[in-house]
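Below is one structure, written out as structure tokens; comments come after it.
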Amino acid sequence: MAGPDLIRTILYTMNNLLQQEKYKAALAVLKGFRNGAVYGAKIRAPHALVMTFLFRSGSLKDKLRAILKATYTHSRNLACFVFTYKGLQALQERIQGKSLQSQSFLAACVGGWLVFGDNNNINSQINMYLLSRILFALSRLAVEKGFIPAPKQDPFPLFATLVWGIVLWLFEYHPHTLQPSLQSSMTYLYHDSNVWHDISDFLVYNKPRIASQK
């Protein structure tokens, strides 16, 4: 009975600790680390699985290792960023005695520099993903604040026109400027579709089985 009693005691102590208001800021930092790790793994693992088996060559062991490495890197980086951001935000609020907008910006800047400042494939994808989101958000905010007039027509068709026109121009004539994963995807779509030998690599496979095995 000592075992179950000990477990109940530990759980009671932990739950009691979690309810303490004076520890809330520190506990929020720890849970942020947990959520960052979980979320990073959940969104990276499926993406890495698909991209690796679609475009990466090598043995099954090599592919699984690449998937695990990408998932671990994304999960670790997001967890560390959330930990850093929430920790610095709480520290500033404690020092200054109140919550300010600048605290969020400064904490995120430091976290971004420390965690996502390393120029690698994972960080590059995350930073570019965020860049597209903040450009949209800043455009909306500029309209809300009156810095730019509200468009009379929906600008999305023009936006889509320019995005696709520019990206395909870059891919066709300056492909080295695009991220490797985007290059691979676009090569599969637009260049591999120009080559076939018979019905097998026209409909069933992208490339001849013999050629792919070599």
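The shown structure was predicted, so the numbers you read here are calculated from the model rather than taken from an experiment.
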What donor-acceptor contacts under 3.5 angstrom involve side-chain atoms of residues 190-197, with partners at least two apart or in another chain?
from	atom 1	to	atom 2	distance (Å)
H191	NE2	E172	OE1	3.1
D192	OD2	N206	ND2	2.9
S193	OG	L189	O	2.9
N194	ND2	Y190	O	3.3
H197	ND1	D201	OD2	2.8

Please list every donor-acceptor pair under 3.5 Å in which a side-chain atom of residues 27-49 meets a protein atom from a residue at least two apart or in another chain.
from	atom 1	to	atom 2	distance (Å)
R44	NE	H74	ND1	2.9
R44	NH1	H47	ND1	3.2
R44	NH1	Q125	OE1	2.8
R44	NH2	H74	ND1	3.3
R44	NH2	Q125	OE1	2.8

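Atom CZ of F53 sits in a crowded spot, with more than 12 heavy atoms from other residues, nucleotides or ligands closer than 6.0 Å. In this structure, D198 places its CG atom where more than 12 heavy-atom neighbours from other residues, nucleotides or ligands lie under 6.0 Å away. Surrounding CZ of F83 are at most 12 heavy atoms belonging to other residues, nucleotides or ligands under 6.0 Å away. With a 6.0 Å radius and a threshold of 12 heavy atoms from other residues, nucleotides or ligands, Q101 has its CD atom at or below the threshold.
In this structure, F159 and F156 have tilted ring planes: the angle between them lies in the 30° to 60° band.
Checking Q103 against E93 by side-chain atom types alone, no donor-acceptor pair falls below 3.5 Å. Under the 3.5 Å distance criterion, with hydrogens and angles disregarded, a donor-acceptor pair is assigned to the side chains of S59 and D62.
L78 has its side chain out of reach of V115: every pair of non-hydrogen atoms, C-beta onward, lies at least 4.5 Å apart. Using a 4.5 Å heavy-atom threshold, the side chains of L100 and K98 count as touching. The shortest side-chain heavy-atom distance between L168 and M186 falls under the 4.5 Å cut-off.
S132 places a side-chain N or O within 3.5 Å of a backbone atom of Y129 that can act as its donor or acceptor partner.
As a member of the Ile/Leu/Val/Met/Phe/Trp/Tyr network built from side-chain separations under 4.5 Å, I148 groups with V143.
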